[in-house]
Participant: 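Sending over a structure as structure tokens; questions will come in a sec.
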Amino acid sequence: MLDPKLVRSEPQTIAAALVIKGFTLDVEKLNQLEVLRRDLQEKAQSLQAERNAYAKSMGKAMGEAKARGEDIEPLKAKGEALKLACGEAEDALNDVQRQLDEYLSGVPNTPDPEVPAGASEDDNVEIRRWGEPRVFDFEVKDHVDLGAQLGLLDFETATKITGSRFAVMRGEIARLHRALIQFMLNTHSQEHGYQEINVPYMVNSDSLFGTGQLPKFEEDLFKLSDERNFYLIPTAEVPVTNVYRDEILDANQLPVKFVCHTPCFRSEAGSYGKDTRGMIRQHQFEKVELVQFVKPEDATETLEQLTGHAETILQKLGLPYRTIILCGGDLGFSAARTYDIEVWLPSQQRYREISSCSNFRDFQARRLKARWRNPETGKPELLNTLNGSGLAVGRTLLAVMENYQQADGSIVIPDVLQPYMGGQRSIG
RNA sequence: GGAGGGAUGGCUGAGCGGUUGAAAGCACCGGUCUUGAAAACCGGCGUAUCGAGAGGUACCCAGGGUUCGAAUCCCUGUCCCUCCGCCA
């Protein structure tokens with residue numbers, strides 16, 4: 001959520017900033033509601049003040065009236081009238097306030113000034129590349145064929161068990177998948193200073209509102225059908241960022257850095273026909289997520305560091321990648337700036353997203369009421385939140401399979417993963 | 001699943017239906033004292049929102065209700081604790 005005060009005082013500035021994101025701020029509607037709100041609030045509050053003052057005076061007045069043997073009913077009647085008038089004014093105010101909240105909670109975050117203009121992913125800008133795509137002297141296979149040949153990656157069985165967009169891994173591929181998770185968790189916790197955290201995979205709607213998935217993007221989520229209204233998490237970002245919902249942190253606790261491995265569940269509504277082959281786009285996949293809570297002044301630098309932490313994993317695995325900055329039109333709802341890291345896939349002869357690292361500034365924190373006490377002001381102030389994949393495990397697995405494949409269909413295990421594979425050097 | 005108890009400011013913890021936005025302690029901030037620190041003493045210290053300010057309003061888990069008036073009474077929900085049962 002944007003700062004309502006800022007939206008109120010500088011609607012044109014905000015509207016201009018949102019143009020780059022392809023969002024049209026309805027300044028007219030906001031102004032109308034705001035004028036109405038101010039008027040109703042003034043009215044309601046003065047009535048409340050009157051009602052409160054009267055109620056306070058009543059105790060004594062009634063005692064005196066009784067002592068004189070007078071009728072108390074007229075005194076009560078006036079209180080009753082005040083109560084009714086107050087109630088009406090409050091209802092009217094609440095109604096307008098709700099309309100304002102509803103509208104504001106649907107307005108996306110404003111992008112950083114450095115975010116390039118553009119309508120779609122075609123306008124994203126590459127900012128660096130690492131590694132040289134390997135030159136193969138044989139015809140490369142994709143991970144689906146490689147996995148099938150090994151007999152260790154099986155989409156048909158997953159379809160039988162559940163449906164499309166699921167996978168079954170067996171044996172050494174399942175172990176390699178697990179090895180990647182361990183490797184990522186260890187690297188981030190031991191070398192990059194993140195605390196490992198394990199969280200629920202189901203969350204309530206308050207948590208989803210806090211990180212911005214609700215109310216606008218419910219169709220992307222799996223919702224459980226019982227009366228508790230839980231959802232399966234689409235990313236660890238949701239439970240981990242909500243660790244500090246409604247909390248006030250001490251300055252000396254900052255920065256907070258969490259690394260978390262979870263499965264992620266996405267309905268992928270609206271992506272019919274996209275990436276239907278293989279593990280690229282699944283309803284269930286695993287991810288190691290990095291989440292940070294920082295002081296506002298540190299957020300810009302933190303995004304660079306966090307993106308670097310994710311890139312380190314690819315470097316250690318020896319997988320070529322490039323890093324791009326998303327243009328305004330491709331930027332997510334809650335993000336002010338996002339870097340995507342894309343890994344080279346030989347079977348597709350192009351780079352594919354494997355991590356997304358974002359700075360949300362105080363947009364999520366305002367929804368979450370996640371704050372810190374600034375020693376300089378002594379006041380609670382909003383934190384800044386950031387997160388990034390470090391990395392998407394399924395996509396990393398297929399990148400390893402494809403980039404490390406041999407002519408005979410076997411797969412060489414990258415050096416850094418061999419300790420997690422009992423010293424094994426190749427599969428198949 | 002059964003039976004009880006509870007939810008109050010950063011933390012602990014008092015609160016009779018009206019004078020309680022809320023005692024007290026801790027923590028924290030400022031000051032006195034001290035070479036410095038500690039101790040002691042004095043003062044300050046919830047959050048949000050409206051207002052230039054004075055000040056107003058809302059909030060004592062959440063949502064309803066009773067009442068002229070609710071942190072306090074009633075109902076529903078959520079969460080926590082204790083005991084019994086069941087169970088990975």
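Owing to the predicted nature of the structure, the values given are computational and were not obtained by experimental measurement. Below, chain A is the first sequence line, B the second, and so on; all start at residue 1.
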Participant: Check the distance between B:rA58's P and A:Gln45's CD and give it to me in whole angstrom.
Facilitator: 8 Å
Participant: Can you check the A:Arg371 CZ to B:rG9 C1' distance for me, whole Å?
Facilitator: 12 Å
Participant: Closest-nucleotide mapping onto RNA chain B: is A:Ser46 or A:Arg38 further toward the 5' terminus? I mean the 5' end.
Facilitator: A:Arg38
Participant: Measure the distance from CG on A:Asp39 to P on B:rG51 and round it to the nearest whole Å.
Facilitator: 13 Å
Participant: For A:Thr385 and A:Gln364, test the side chains for any donor-to-acceptor distance below 3.5 angstrom and give the result as yes or no.
Facilitator: yes
Participant: Give me the atom names and distance for the closest heavy-atom approach of A:Asn242 to A:Ser207.
Facilitator: ND2-O, 2.9 Å
Participant: Is the phosphate of B:rU57 approached by A:Arg37 (side-chain N or O, under 4.0 Å from OP1 or OP2)?
Facilitator: no
Participant: Answer yes when A:Glu297 and A:Lys295 have at least one side-chain N-carboxylate O distance shorter than 4.0 Å, and no when they do not.
Facilitator: no
Participant: Does B:rA71 pair with anything, Watson-Crick or G-U wobble, both distances under 3.5 Å, and if so, with which nucleotide?
Facilitator: none
Participant: Tell me, with the steps shown, if A:Thr396 and A:Val343 meet side-chain contact (heavy atoms from CB on, under 4.5 Å).
Facilitator: CA-CA 8 Å; A:Thr396 309; A:Val343 70; over 6 Å; no
Participant: Considering only the C1' atoms, how many Å lie between B:rG15 and B:rG25, rounded to the nearest integer?
Facilitator: 15 Å
Participant: Given the C1' atoms of B:rG65 and B:rA70, what is the spacing between them in whole Å?
Facilitator: 12 Å
Participant: Is any side-chain N of the basic residue among A:Glu80 and A:Lys83 closer than 4.0 Å to the acidic one's carboxylate O?
Facilitator: yes
Participant: Taking pairing as Watson-Crick or G-U wobble with both contacts under 3.5 Å, can you name the mate of B:rU12, or confirm there isn't one?
Facilitator: B:rA24
Participant: Could you check whether A:Arg352 pairs with A:Glu402 (Lys NZ or Arg NE/NH1/NH2 to Asp/Glu carboxylate O, under 4.0 Å)?
Facilitator: no
Participant: For B:rG43 and B:rA24, measure between their P atoms and round to the nearest Å.
Facilitator: 12 Å
Participant: Please measure how far the C1' atom in B:rG46 lies from the corresponding atom in B:rU12, and state the result in whole Å.
Facilitator: 15 Å
Participant: Using the P atom in both, what is the distance from B:rU66 to B:rU72, to the nearest Å?
Facilitator: 15 Å
Participant: Calculate the interatomic distance between A:Gln97 atom CD and B:rC59 atom P; express it in whole Å.
Facilitator: 14 Å
Participant: Does any nucleotide pair with B:rA40 by Watson-Crick or G-U wobble geometry, both distances under 3.5 Å, and what is it?
Facilitator: B:rU32
Participant: Distance check: side-chain N/O of A:Asn204 vs OP1/OP2 of B:rU78, anything under 4.0 Å?
Facilitator: no
Participant: Does one side chain, of A:Asn109 or A:Ser334, offer a donor that lies under 3.5 Å from an acceptor on the other?
Facilitator: no
Participant: Per the side chain to side chain contact (heavy atoms under 4.5 Å, CB included) rule, which among A:Leu185, A:Leu290, A:Thr187, A:Val291 passes with A:Tyr194?
Facilitator: A:Leu290
Participant: Nearest-Å distance, CZ (A:Arg373) to C1' (B:rC11)?
Facilitator: 12 Å
Participant: Atom CD of A:Glu34 and atom C1' of B:rG51: how far apart are they, to the nearest Å?
Facilitator: 14 Å
Participant: Given that both distances must come in under 3.5 Å, which nucleotide forms a Watson-Crick or G-U wobble pair with B:rG1?
Facilitator: B:rC84
Participant: With 3.5 Å as the limit, what N/O pairs link the protein to nucleotides 60-70 of chain B?
Facilitator:
unit_1	atom_1	unit_2	atom_2	d
B:rC68	O4'	A:Lys76	O	3.4

Participant: Using a 4.0 Å heavy-atom cut-off across all strands, classify A:Pro375 as base, sugar-phosphate, or nothing.
Facilitator: nothing
Participant: Taking atom C1' in both B:rA62 and B:rC68, compute the distance separating them and give it to the nearest angstrom.
Facilitator: 26 Å
Participant: Ion pair present between A:Arg281 and A:Glu268, side-chain N to carboxylate O less than 4.0 angstrom?
Facilitator: yes
Participant: Please name the nucleotide paired to B:rG77 by Watson-Crick or G-U wobble geometry with both distances under 3.5 Å, or report none.
Facilitator: B:rC61
Participant: Can you check the distance between B:rG10 and B:rG85, where both ends of the measurement are the P atom (answer in whole Å)?
Facilitator: 41 Å
Participant: I want to confirm an ordering. Mapping A:Ala49 and A:Lys379 to their closest nucleotides on RNA chain B, which one lands closer to the 5' end?
Facilitator: A:Lys379
Participant: Taking any heavy-atom pair under 4.0 Å as a contact, classify A:Asp250: base, sugar-phosphate, or nothing.
Facilitator: nothing
Participant: Can you tell me the distance, in whole Å, between the CD1 atom of A:Ile248 and the P atom of B:rC45?
Facilitator: 17 Å
Participant: How close or far is atom P of B:rA48 from atom NZ of A:Lys369, stated in whole angstroms?
Facilitator: 11 Å
Participant: Using a 4.0 Å cut-off on heavy atoms, which residues in residues 1-10 of chain A reach RNA chain B? List them by number, or say none.
Facilitator: A:Lys5, A:Arg8
Participant: Determine the Euclidean distance between corresponding C1' atoms of B:rC79 and B:rG63; express it in Å to zero decimal places.
Facilitator: 15 Å
Participant: If you measure only the distance, is there a donor-acceptor pair under 3.5 Å linking the side chains of A:Glu90 and A:Gln48?
Facilitator: yes
Participant: Would you please indicate if the ring centroids of A:Phe363 and A:Phe333 are separated by under 6.0 Å?
Facilitator: yes
